[in-house]
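Take a look at the structure below.
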Amino acid sequence: MAKPLSPRRRVALTLLSFLLPVLVWSAFSYLPFLWHPLVEVSDPGDVAWMQPGMRLPKAAFAEEVAAAEAAKTAPPAGKPANPVYLPAPHEVAVAFWTSLTAQPTQRDAIRLPQSLWHSITIIFWGFALSSLVGVPLGILCGAQPTLARLTEPVIEFVRYMPAPAFGALMVAILGIYDGPKIAIIVIGTFFQQVLVIANTTRRVEPLLIEAALTLGARNLRLIRRVIVPAILPQLYRDQRILLGWAWTYLIVAELIGTSSGITFFITQQARYQHFENVYAAILIIGLVGSATDLALAWLGRRLFPYDRAEA
């Protein structure tokens with residue numbers, strides 16, 4: 001078995017795992033010889049249809065330069081550039097800060113913090129409603145073979161149905177606002193939740209169950225006093241993982257009904273070709289998700305100090 005990493009080495013490798021993609025991104029952004037297939041016009045010269053900031057293929061730009069020189073007119077000038085959908089890291093960093101602090105420039109645009117907060121509320125209510133039923137049902141299925149045989153086959157069947165397929169049905173039932181979005185997250189997490197928690201419940205040490213039965217614990221008392229305390233640390237980890245799944249359904253959920261939340265911000269900025277704002281919004285989703293998971297991991301270590309997996 002490999003030797004465990006020292007704390008300093010773990011931190012260094014963690015930082016490196018984030019630094020490497022940024023270095024690759026920076027190389028493609030700032031080194032023209034790697035990949036700059038376009039030319040960004042800085043001076044259109046006497047070419048009437050060109051404008052500063054326009055990007056076009058190198059071959060087309062070279063043709064216009066040659067034509068201008070042949071006609072003895074001012075040729076256009078430009079610099080190598082990547083497509084508009086690949087902004088440089090510094091452009092995304094500026095957009096990140098601007099999106100959080102400044103008012104939007106478009107009249108119909110909404111601020112990124114408002115969009116993000118709306119998405120977080122959708123995630124919260126969707127996952128809370130899913131857990132309200134999914135956690136107790138999963139524990140009962142894991143503890144009661146009869147109930148498991150009665151419910152798990154149909155849950156296994158439904159979980160293979162993609163949640164977005166229920167979008168039109170949810171809009172017809174719940175309207176066009178937040179109801180169908182929350183419902184999609186519930187559908188996307190509930191069935192997985194029941195099966196994962198049921199499997200966790202079945203892994204309780206059999207000797208512990210036998211000892212409790214010998215001492216007279218039965219039915220709900222056995223579940224409440226023995227099974228639930230035994231699975232709490234793993235149940236907590238399961239919920240952390242399932243919360244991540246809820247985030248994966250968010251983008252699809254917010255496309256249903258009225259446009260809202262972080263998805264509306266991303267779609268709107270892409271329509272205006274402000275891709276630096278698109279990258280900034282995607283990064284914020286990752287940051288919020290990672291920060292949430294780290295906070296939950298820290299809380300798990302405080303709640304279950306006796307559990308080695310949370311150490």
Side-chain angles (χ1 to χ4, degrees), residues 120-167 169-174 178-213 216-250 252-253 256 289 292-293 296-297 299-300 303-304 307 309-310:
I120 290 174
T121 59
I122 295 293
I123 288 284
F124 172 80
W125 287 113
F127 192 68
L129 291 174
S130 174
S131 300
L132 188 64
V133 180
V135 171
L137 182 58
I139 294 173
L140 290 174
C141 287
Q144 298 290 336
T146 302
L147 181 62
R149 180 52 56 186
L150 183 64
T151 59
E152 286 190 22
V154 68
I155 291 176
E156 284 276 8
F157 175 75
V158 176
R159 81 183 179 100
Y160 285 104
M161 300 179 183
F166 294 88
L169 181 61
M170 293 300 102
V171 169
I173 297 172
L174 301 173
D178 289 344
K181 309 176 197 304
I182 295 172
I184 291 300
I185 293 176
V186 171
I187 294 171
T189 57
F190 170 76
F191 301 99
Q192 312 285 352
Q193 196 170 41
V194 172
L195 296 175
V196 168
I197 294 174
N199 186 58
T200 294
T201 304
R202 294 189 186 101
R203 293 207 300 265
V204 174
E205 179 61 47
L207 293 177
L208 185 64
I209 302 294
E210 292 177 6
L213 291 172
R218 293 290 187 276
N219 300 325
L220 291 179
R221 187 179 182 185
L222 175 66
I223 294 173
R224 189 178 69 255
R225 295 291 184 86
V226 179
I227 294 177
V228 170
I231 68 169
L232 268 181
Q234 184 58 45
L235 177 61
Y236 185 85
R237 285 191 292 273
D238 290 342
Q239 290 295 87
R240 279 177 53 198
I241 295 171
L242 290 160
L243 180 60
W245 290 3
W247 276 97
T248 65
Y249 285 105
L250 174 67
V252 175
I256 297 168
T292 302
D293 189 69
L296 291 175
L299 181 61
L303 292 174
F304 313 109
D307 184 61
E310 289 288 353

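Nearest heavy-atom pair across Thr151 and Cys141 is OG1-SG, 3.1 Å. Closest approach of Ile184 and Ala163 over heavy atoms only: CD1-O, 3.2 Å. Closest of all the heavy-atom pairs between Pro180 and Met170 is CB-CB, 3.7 Å. Among all heavy-atom pairs drawn from Ala143 and Ile227, the shortest one is CB-CD1, 3.7 Å. Between Val252 and Pro164, the shortest heavy-atom contact is CG1-CG, 3.2 Å. Looking at every heavy atom in both residues, Ile231 comes nearest to Thr200 through CG2-O, 4.0 Å.
The shortest side-chain heavy-atom distance between Leu243 and Ile123 falls under the 4.5 Å cut-off. The shortest distance between side-chain heavy atoms of Pro153 and Arg149 falls below 4.5 Å. Looking at heavy atoms from C-beta onward, Trp245 lies out of side-chain contact with Ile185 at the 4.5 angstrom threshold.
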Pair Leu137-Phe190, side chain to side chain contact (heavy atoms under 4.5 Å, CB included): steps then yes or no: CA-CA 10 Å; Leu137 182 58; Phe190 170 76; 3.9 Å; yes
Worked verdict on Lys181 versus Asp178 for side chain to side chain contact (heavy atoms under 4.5 Å, CB included): CA-CA 5 Å; Lys181 309 176 197 304; Asp178 289 344; 3.8 Å; yes
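Put simply, CD1 on Ile187 and CD on Gln192 are 12.5 Å apart, with the number rounded to the nearest 0.5 Å. Here CZ of Phe124 is found 9.0 Å from CG of Leu129. Values are rounded to the nearest 0.5 Å. The CG atom of Leu147 sits 12.0 Å away from atom CD1 of Ile139, with the distance rounded to the nearest 0.5 Å. Rounded to the nearest 0.5 angstrom, Phe157 CZ and Phe191 CZ are separated by 11.0 Å. With rounding to the nearest 0.5 angstrom, the CD atom of Glu152 is 5.5 Å from the CG atom of Leu195. Distance CG/Leu140 to CD1/Ile223: 5.0 Å, rounded to 0.5 Å.
Taking a 6.0 Å sphere around CZ of Arg203, one finds it holds more than 12 heavy atoms contributed by other residues, nucleotides or ligands.
Without hydrogens or angle criteria, Tyr236 side chain to Leu296 main chain gives a donor-acceptor distance under 3.5 Å.
Pairs passing the side-chain hydrogen bond (donor to acceptor under 3.5 Å, both in side chains) check and including a residue from residues 125-146, sequence neighbours excluded, read Ser130-Thr189, Ser130-Gln193, Ser131-Gln193, Ser131-Gln239.
The side chain to side chain contact (heavy atoms under 4.5 Å, CB included) test applied to Leu150 returns no partner, not counting sequence neighbours.
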